[in-house]
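I have placed the structure first, in the form of structure tokens, so that the comments after it can refer back to it.
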Amino acid sequence: MKEYWIVNPLLNTIQVYVLDENNKFKLHDVAKDKGSIKSTIINKFIVDLEKVFS
């Protein structure tokens, strides 16, 4: 696994963590309420937060 996502419906947030060169997961991106967030390993995989949390 090189990437994982945490979806928190209570806070309307999505966090994306990626594996770094030291084999440690680091926060890559976080989005809240609106906008979009995308995968670092799956091309064109983009999540619209308003659709997820509506």
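Everything numeric in this text was worked out from a predicted model, so none of it was measured.
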Counterpart residues, side-chain hydrogen bond (donor to acceptor under 3.5 Å, both in side chains), relative to S36 (two or more places apart): none
Nearest-0.5 Å distance, NZ of residue K2 to CG of residue D20: 13.0 Å
Identify all side-chain donor-acceptor contacts of residues 41-54 below 3.5 Å with residues at least two apart in sequence or on another chain.
from : atom 1 : to  : atom 2 : distance (Å)
D48  : OD1    : E50 : N      : 3.0
S54  : OG     : E50 : O      : 3.3
S54  : OG     : K51 : O      : 3.4

Beyond-backbone contact of H28 with T40, side-chain heavy atoms, under 4.5 angstrom: yes
Aromatic plane relationship, Y4 with Y17 - under 30° parallel, 30 to 60° tilted, over 60° perpendicular: parallel
hydrophobic_cluster_shared for V30 and W5, side chain cutoff 4.5 Å: no
Residue pair E3 / L19, side-chain heavy-atom distance below 4.5 Å: no
Separation of I14 CD1 from I37 CD1 (nearest 0.5 Å): 6.0 Å
L27 versus D29, closest heavy-atom pair with distance: CD1-O, 3.5 Å
Within 6.0 angstrom of K38 NZ, more than 12 heavy atoms from elsewhere: no
side-chain hydrogen bond (donor to acceptor under 3.5 Å, both in side chains) against N23, all qualifying residues, sequence neighbours excluded: none
